[in-house]
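Notes for the one structure printed next.
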Amino acid sequence: MGRGKIEIKRIENSSNRQVTYSKRRNGILKKAKEISVLCDVRVSVIIFATSGKMHEFSSTSLVDILDQYHKLTGRRLWDAKHENLDNEINRVKKDNDNMQIELRHLKGEDISSLNYRELMILEDGLENGLTSIRDKQNEFMRMMRKKIVQTQGMEEEQEQLNCQLRQLEIASMNRNMGEIGEVFEQTRGNHEYQMPFAFRVQPMQPNLQERF
């Protein structure tokens with residue numbers, strides 16, 4: 001008993017729809033690979049799932065297949081968005097070329113093709129640039145001089161603080177020495193000088209004392 005035909009319409013059940021997609025996708029990619037080998041033909045298959053994930057098979061370079069498709073059908077594969085992108089790329093390249101030419105002119109290169117008015121404009125631009133550079137240099141020098149003056153002031157202040165500290169240390173030492181001297185004089189005046197110990201000579205031999 002053979003299988004009945006499946007009605008070709010959207011499968012409402014999401015699980016069944018995913019299973020069917022997985023099976024038929026693999027079947028299509030398998031058939032594409034088989035026909036490319038059996039019949040020696042160029043085949044390209046691209047499948048996008050509802051989630052956005054892509055599956056593909058290409059027997060040769062996809063770019064070559066698209067180029068041949070474009071030549072045979074005459075259909076443009078790039079929309080207006082891609083054409084605008086190409087135009088933007090070309091515009092950027094042109095602007096870059098012009099900037100390179102202007103840079104060479106500023107260096108004094110390739111100026112033989114410029115007319116008098118263009119040379120005057122170039123000269124004015126260079127003078128304005130030099131003026132800006134000089135102003136920036138002067139500003140930088142003023143800042144450096146200001147920093148040097150501040151540094152010198154800090155060094156002088158530090159030297160003054162060190163000098164005051166040395167004076168305080170000397171004064172403190174003099175005061176301590178004076179106090180020590182006063183204590184010594186008071187102690188000397190209140191106590192007479194005495195021998196702390198009395199010494200008595202003892203003979204080395206006891207009989208010597210009796211003889212004398």
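For clarity, every value in this text was computed on a predicted model and none was experimentally measured. This chain uses plain numbering: 1 for the first residue, then up along the sequence.
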Sub-4.5 Å side-chain heavy-atom contact between Val41 and Ser59: no
Gln18 CD to Ile11 CD1 distance, which is reported to the nearest 0.5 Å: 10.5 Å
Interatomic spacing from CD in Glu12 to CZ in Arg17 - rounded to 0.5 Å: 7.0 Å
Working for salt bridge (charged side-chain N to carboxylate O under 4.0 Å, His left out), residues Arg166 and Glu169: CA-CA 5 Å; Arg166 288 193 295 269; Glu169 291 176 349; over 6 Å; no
Atom pair CD1 (Ile111) and CD (Glu118), whose distance is rounded to the nearest 0.5 Å: 11.5 Å
Sequence neighbours excluded and cut-off under 3.5 Å, please list the side-chain donor-acceptor pairs for residues 120-138, or say none.
residue : atom : partner : partner atom : Å
Asn128  : ND2  : Asp124  : O            : 3.1
Thr131  : OG1  : Glu127  : O            : 2.9
Ser132  : OG   : Asn128  : O            : 3.1
Asn138  : ND2  : Arg134  : O            : 3.2

Asn96 (side chain) donor-acceptor with Val92 (main chain) under 3.5 angstrom: no
Salt bridge (charged side-chain N to carboxylate O under 4.0 Å, His left out) between Glu102 and Arg104, worked out: CA-CA 5 Å; Glu102 292 180 1; Arg104 289 196 297 270; over 6 Å; no
pair Met54-Ile46: side-chain heavy atoms closer than 4.5 Å: yes
Min side-chain heavy-atom separation Val19-Lys23 under 4.5 Å: yes
Ile89 vs Asn87 side-chain heavy atoms within contact, under 4.5 Å: no
Joint cluster assignment, Leu62 & Val43, ILVMFWY side-chain distance < 4.5 Å: no
Expected output: side-chain Ser36 to main-chain Lys33 donor-acceptor under 3.5 Å: yes
Side chain proximity check, Ile47 to Phe57, heavy atoms < 4.5 angstrom: no
Derivation of the side chain to side chain contact (heavy atoms under 4.5 Å, CB included) call for Lys146 and Arg142: CA-CA 6 Å; Lys146 184 178 180 180; Arg142 287 194 297 269; over 6 Å; no
Side chain proximity check, Phe140 to Arg145, heavy atoms < 4.5 angstrom: no
Rounded distance (nearest 0.5 Å) linking atom CG of Asn98 with atom CG of Leu103: 12.5 Å
Within 6.0 angstrom of Glu157 CD, more than 12 heavy atoms from elsewhere: no
Nearest-0.5 Å distance that lies between atom CD1 in Ile35 and atom CG in Asp40: 11.5 Å
CZ (Arg24) with more than 12 external heavy atoms under 6.0 Å: no
Distance, nearest 0.5 Å, that separates CD of Glu88 from CZ of Arg91: 4.0 Å
4.5 Å side-chain heavy-atom contact, Phe48 and Lys53: no
Side chain to side chain, His70 and Leu66, heavy atoms closer than 4.5 Å: no
